[in-house]
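I have placed the structure first, in the form of structure tokens, so that the comments after it can refer back to it.
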Amino acid sequence: MALPESIQALDQTMSKRTVLTGITTTGRPHLGNYVGAIKPAIQASHKEGVQSFYFLADYHALIKCRDPQVIHHSTLEIAATWLALGLDTDQAIFYRQSDIPEISELTWLLTCITAKGLMNRAHAYKAAVQENIEVGEDPDSAIVMGLFSYPVLMAADILMFNATDVPVGRDQVQHLEMARDIGQRFNHHFGDHFVLPQAVVDDDVAVLPGRDGRKMSKSYNNTIPLWLPEKQLRKSIMKIVTNSLEPGEPKQTENSALFAIYAAFANPEQREEMKQAYADGIGWGAAKQQCFELINSEISSARLVYEELIGEPARIESCLQEGAARARAVAAPFMRQLRDAVGIRPLR
Ligand code: TRP
């Protein structure tokens, strides 16, 4: 028997998940970003019954980057990447953080109730202090308030849309705890306004190694950029570090960066076949060629779309504006409610 409609509706609101995540706009997307964050997020954007928010965190980018050209161009590249890879922008709300003035406004309300001691404990800030101490500098040398207050801005990003689930990397889990802490404190003072978010860290998603076997990261200079032209992509894959075993000699898949990169793109069957090929002594050159072919076949049609989009920034901009309008339709009335709650309201 079908449930009465009102109960169905209630059930839906109770189980309604809101997924939100931000992408800092510094640097160009690489295969590690693709496998670890972009691909799972885009797959999730097609799920029904979930409202997702994906945004370009350009205010966060300013904390580390003072090159306007890099900020600007990276915004273009990252937006084009998500669109080219098929982000469902009918379902997901895709916007640029700086297009939502309510986020800055909320940041201040939250800043006024956030304990300084909480921020003192943030890993990123503490690491910067530690580095200064180690080289004998003043502990606060070159540390900007943006870095110190970064978790408050991130809490505003999340609480603004009452996100329930926030997919992030391990390094961001502490920021989610802080967002909960800040949201709870606001609720305690001003009434129940915020849903408390939880971090979603997917252990199944591979942390992709870079060409040298360490985690693929811009800071290690070991990345394989996602949108290299075909020839250069092949070249970059050929540079993945292997060992001196000759063709015909059996090879280990454990601790092989090449195998891990291949496996991140392969289906279970292909993975098994490659394992066997390693045991049978496939040459490194041949294994790299197969790795290139597999990756290229997955991204080559999106690459065409990407190149087209990059040439038409106005199209990307209007897509972001559409997303911003949808995001503000949520943020603006909520912000009025929050202003009212803290006592900022018309004198009528
Ligand atoms: N700080 C995040 C990172 O470096 C990016 C980010 C900004 C974010 N705001 C967010 C992620 C809100 C999740 C939710 O990866």
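When a ligand or atom number is given, it counts from 1 through the structure's own listing order.
Salt-bridge annotation for R234 and E293: absent, with no side-chain N of the basic residue lying under 4.0 Å from a carboxylate O of the acidic one. For K251 and E246, the salt-bridge test fails: no basic side-chain N is under 4.0 Å from an acidic carboxylate O.
Remark: minimum distance from atom 1 (N) of ligand 1 to any protein heavy atom is reached at Y150 OH, 2.6 Å. Distance from atom 9 (N) of ligand 1 to its nearest protein heavy atom, with residue and atom name: D157 OD2, 2.8 Å. Among all non-hydrogen protein atoms, the one lying nearest atom 3 (C) of ligand 1 is Q172 NE2, 3.4 Å. Scanning the protein for heavy atoms near atom 6 (C) of ligand 1, the closest one is G22 O, 3.8 Å.
Listed by number with element, the atoms of ligand 1 under 4.0 Å from a non-hydrogen atom of T21 are 11 (C), 13 (C). Residue T24 has at least one heavy-atom neighbour below 4.0 Å for each of these atoms of ligand 1: 3 (C), 4 (O), 5 (C). Using a 4.0 Å cut-off to heavy atoms of V166, the atoms of ligand 1 that qualify are 13 (C), 14 (C).
Aromatic ring centroids of F265 and F292 lie 6.0 Å or more apart. For F94 and F55, the ring centers sit 6.0 Å or farther from each other.
Remark: the backbone N or O of A266 is paired with a side-chain donor or acceptor of R271 at under 3.5 angstrom.
Counting heavy atoms closer than 4.0 Å to ligand 1, residue V168 contributes side-chain atoms (C-beta onward) but none from N, CA, C or O. By the criterion of a heavy-atom distance under 4.0 Å, neither the backbone nor the side chain of D171 is placed next to ligand 1.
For Q172 and H175, the side-chain atoms include at least one donor-acceptor pair closer than 3.5 Å.
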**OP:** Take E298 and K39 through the salt bridge (charged side-chain N to carboxylate O under 4.0 Å, His left out) test and state the conclusion after the steps.
**Re:** CA-CA 11 Å; E298 178 159 332; K39 192 174 166 181; 2.9 Å; yes

